J.: 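Got a structure for you, questions after.
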Amino acid sequence: MMTTLLIQALVTGLILGALYGLIGCSLTIIYGTMRIVNFSHGEFVVAGCFAVLMFFTATGLHPLLSIPLVFVAFFLVGMCLYYLFVPRLNRGDDPEVASFLTFYGVSLMAGAILLYFFQADTRSLNYVFTPSVYKIGHVFIPTAHIVALATGVAIIAALTWFLYRTIYGKALRAAIMNRDAIQIVGVNINTLSALAFGLAIAIAASTGVLLALVFPAFGPFSGMDYTLVGFVVIVLGGLGHPIGAIIGGIVFGIAEQVAIVFLPQSLSQAVGFIILIAAITLRPSGLFGKVALR
Amino acid sequence: MSSNRLVWTRTSIWLGFLALSALGLGLLPAYGFSLAFWFYLLLWITLASGLNIMAGFTGYLPFGYVAFYGIGAYAAAVTVKMHGLPIWAGFIAAALAGVVLSLMFARTMVLRGIYFSIVSLALAVICRLLIAAMPEDVAGGSYGISLGFSNPDGAYYAMLALMLATLLTVTWLAQSRLGMALRAIRDDPDTAETVGINIGTVRLKAWVLSAVIASMTGAIEAWYTSIVDTETAFNLLVSTKAVIFAVAGGLGTVIGPVVGTVVMLIVDDLIWQHFPVLNVFLLGLVIVLLMMFLPSGIVGSLIRRKPFLRRILF
Amino acid sequence: MLDVQSLRKVFGGLVAVDTISFDVPENSILGLIGVNGSGKTTIMNCINGIYDATEGVINFRGTNLVGKKPYEIARLGIGRTFQVPRLFRRLTLTENLMVPVLEDSRSNVELTEKANALLAEVDLYRIRDNHAEELSGGQQKLVELLRVMMLDPDLILLDEPFAGVHPNLCKVFLEQILKLKDAGKSFILVSHDLTSVYSLSEHLLVLNQGQKIAEGNAADIQHNPDVIEAFLGR
Ligand SMILES: Nc1ncnc2c1ncn2[C@@H]1O[C@H](COP(=O)(O)OP(=O)(O)OP(=O)(O)O)[C@@H](O)[C@H]1O
Ligand SMILES: [Mg+2]
């Protein structure tokens, strides 16, 4: 019985972890390339949840079909946000703090907009997969989870391919490692950063679509929670390391779900954070990072 | 020595202003003013100034500053309610709790920048969850603790005293050698260490000081509302608000956090009164505009643009 | 006064300093030369505690410096400047000079006067209340030297003091160094400007890829075939 529960927890943890990882991964693309602390990241995840809800109620089509639309729409939103705020912030004295506050403001605004249009009550996506669960051995896995995981993995694969195999992705990683050098090499850092911002927001919103499938209910207030998870995950994985963030996410997700099995509810929420502290104490630069201590 | 005279003049003007305000604020309860606005004004000035010691002078931005505030509130409530001791014992317990917790978290200061901030935030979340998970007869469990008595006037005066103490401390810090060492660490910790500053102990002093200010504030707020629960005592908004108020005025300046708090609370109040539906949206907008156009805060930007203002603002 | 024995510093697989020994007598200037990446800065970083030496002993007047914190080493009387100047950018020039002496028992007034007198000597007194970030690179190097002088150490490590500095400022720099030397201080001087190293230092050490390839006075070094090969290639 216990082992079944444990396996169940591992599987759910893996699925959620992959999604957390995507949140962290997109967050670290922004932080890495431009040292901008996007404190409104979670709001875009939530916006993705609502976007798929609107898509589904309007068209009745399969929710996954909304991903391309959501991706493109939020890519544009991200680009706009970039040009509105980031160049100005980067000229300032302390972009890290200034950006944290600016995007905290953006987060308040985005949260208020969501609240205005969707009211405070939680919503759910009434889409039912058939069959609704698969039974593998003694473990039940909802189809929605499998679909979300598969899509999540597909997005991760596409992103990895983009980052490691295409010229733009390589430029992006180079910019994460050394922002100044890449300007000398002749890459237009402004355009590159704008694309990165768009990409990150688009991934965040697409992750929201998947979360809407996995979590039965969502409301306009969970943005901050996702932002927090995103930051914990990237510190765990090592700042400025997109793939590290995904692994950090999986560690976090599994820890959280396994803890739910063994610990009282309130303590189980602390486990992810305790792992973060433990990891940081043992390896101050995160699991995969190189920079933290100057 | 002209620059010493300058320091002397502006400090006396500032202290004079403080004394007058203290007098005015001290008379408010006697004239029957509603204290809610004023109590929280004092509270936020205190928290923003306490945070400024770490964020502005030392260069560490603790997103989890609320941990100290919450632990102070709980220490006071537990002492008073569970052990039946008087409120002053609760304050002592709160101060001690702040010291102990800050010493426990001291090691996080080997982390820099956003790393430090996030880890500090994680610690605050852990504190909240651990306290909520404690048995009810130890820390009230998830329902919190009701003190069973309240004394808003007493709490108001205590808050006023703490605010004055905090502002005097910061004023002293700004011109003291400790303050200079802190600002050197903020600019470049490694160099500060190679020229002979023991950065470990110096920043620890700032850390403990900053923590005790927050934990005392938490205790006084508990006395004021006579109720403590994990959701409000460890609400992350406490950290973010303190950060915003301090930054709005100008990190690293003495009067910045005061000005920032006053301005932002007034703006907040106006928005609430006139645009109740849009209030959160507008508050967000104000923060964004502030960061776009006055990134060093109100006082910070003034000092930058008009150096002659350094005679009175600091 | 400083006695370095079999100092080794390894970064991952890279041996930056390979078992080097030397000593710096009282009131002397040791020149440290070598091509880029030969390990000069790393030796300084080991001496003043920024890096922990992988192996070896660094003896300063009878205390082993290995394992000590940078601030302890500074307080024992070793000061340094950096290859890329590192001032406290949002502190004024006077404040920058005050930082090393914050735990001094002298009064603020006394210390400020000393700092301002130093600034006056190099013609920076007028802008003593400017923030350090407003200075040019060369001026920053100069203020860094003044900051070392405030601490009044007996051994001063200078990393590329002349690089990127206008000849006029260089002269000011040289004057200050010679004055300190007359006052009994010792130096380790790293520079690519061989003329000034040759003229200043009694004793030179030539490094190549972390190893000591020659040692001696200027005349010896100039005619040493190994050195010529290392510097000019074959
Ligand atoms: N923190 C570090 N991590 C890894 N390798 C390092 C580090 N610092 C120095 N190195 C390596 O050690 C070697 C020696 O470097 P060092 O800075 O001492 O050279 P240098 O003689 O001062 O050169 P330059 O004349 O260019 O200043 C170089 O190969 C460098 O790459
Ligand atoms: Mg060097």
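Worth knowing before you read on, the calculation uses all heavy atoms, side chains too, and leaves out hydrogens, waters and symmetry mates. All of these numbers come straight from a predicted model, not from anything done at the bench. Just so it is clear: chains get the letters A, B, ... in the order the sequence lines come, proteins before strands, and each one is counted from 1.
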J.: How close do C:Tyr71 and B:Ile197 get, heavy atom to heavy atom, and via which atoms?
T.: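 Looking at all heavy atoms of both residues, the closest pair is CB-O, 3.3 Å.
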J.: Between C:Leu91 and B:Arg186, what is the shortest heavy-atom contact and its length?
T.: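 Here C:Leu91 and B:Arg186 meet closest at CD1-NH2, 4.2 Å.
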J.: Is B:Arg183 close to C:Arg90 at the side-chain level, that is, under 4.5 Å between some pair of heavy atoms?
T.: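 In short, these two side chains do not touch, never coming nearer than 4.5 Å.
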J.: Does any non-hydrogen side-chain atom of C:Asn108 lie less than 4.5 Å from one of B:Arg177?
T.: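 The answer is yes; the side chains approach within 4.5 Å.
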J.: Between B:Thr191 and C:Phe82, which heavy-atom pair has the shortest distance, and what is it?
T.: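 For B:Thr191 and C:Phe82, the tightest heavy-atom pair comes out as CG2-CE1, 4.1 Å.
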J.: Taking side-chain hydrogen bond (donor to acceptor under 3.5 Å, both in side chains) as the cut-off, I'd like each qualifying pair that reaches into residues 287-304 of chain B, sequence neighbours left out, listed once.
T.: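 Qualifying pairs: A:Asp93-B:Arg304.
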J.: Given heavy-atom pairs under 4.5 angstrom as the criterion, report whether the side chain, backbone, both or neither of C:Leu157 touches chain B.
T.: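 For C:Leu157, there is no contact with chain B at all, as no heavy atom is under 4.5 Å.
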J.: Would one find more than 12 heavy atoms of other residues, nucleotides or ligands at under 6.0 Å from atom CD of C:Glu103?
T.: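 For C:Glu103, atom CD is not crowded (no more than 12 foreign heavy atoms under 6.0 Å).
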J.: Kindly give the heavy-atom pair with the smallest separation between C:Val99 and B:Val195, and that separation in Å.
T.: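 Nearest heavy atoms, C:Val99 then B:Val195: CG1-CG2, 3.8 Å.
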J.: Given that the side chain runs from C-beta out, which part of C:Arg147 has a heavy atom under 4.5 Å from chain B: side chain, backbone, both or neither?
T.: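 Side chain only.
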J.: Could you have a look at B:Gly196, B:Ala192, B:Ala181 and say which one has the most heavy-atom pairs with chain C under 4.5 angstrom?
T.: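 Of the candidates given, the most pairs with chain C belong to B:Gly196.
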J.: Quick one: do B:Thr194 and C:Ile50 satisfy side-chain contact (heavy atoms from CB on, under 4.5 Å)? Show the steps, please.
T.: CA-CA 8 Å; B:Thr194 56; C:Ile50 293 179; 3.6 Å; yes
J.: Do you know which of C:Pro153, C:Gly49, C:Pro100 has the most heavy-atom pairs with chain B at a distance under 4.5 angstrom?
T.: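 When all of C:Pro153, C:Gly49, C:Pro100 are compared, C:Pro100 has the most.
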J.: So for C:Val101, is it side chain, backbone, both, or neither that comes closer than 4.5 Å to the heavy atoms of chain B?
T.: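 Backbone only.
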J.: Return the minimal non-hydrogen interatomic distance between C:Glu95 and B:Met180, and the atom names on each side.
T.: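 In this case the closest contact between C:Glu95 and B:Met180 is O-SD, 3.9 Å.
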J.: Tell me, side chain or backbone of C:Leu151 under 4.5 Å from chain B's heavy atoms, or both, or neither?
T.: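 Contact with chain B: side chain only.
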J.: As an exercise, state the distance from CD of C:Glu72 to CG of B:Asn198, rounded to the nearest 0.5 Å.
T.: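 Separation between the atoms: 7.5 Å.
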J.: Under 6.0 Å from the CZ atom of C:Phe11, do we count more than 12 heavy atoms belonging to anything else shown?
T.: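 Enclosed.
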J.: How many angstroms lie between atom CG of B:Asp187 and atom CZ of C:Arg86, to the nearest 0.5 angstrom?
T.: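 Between atom CG of B:Asp187 and atom CZ of C:Arg86 there are 12.0 Å.
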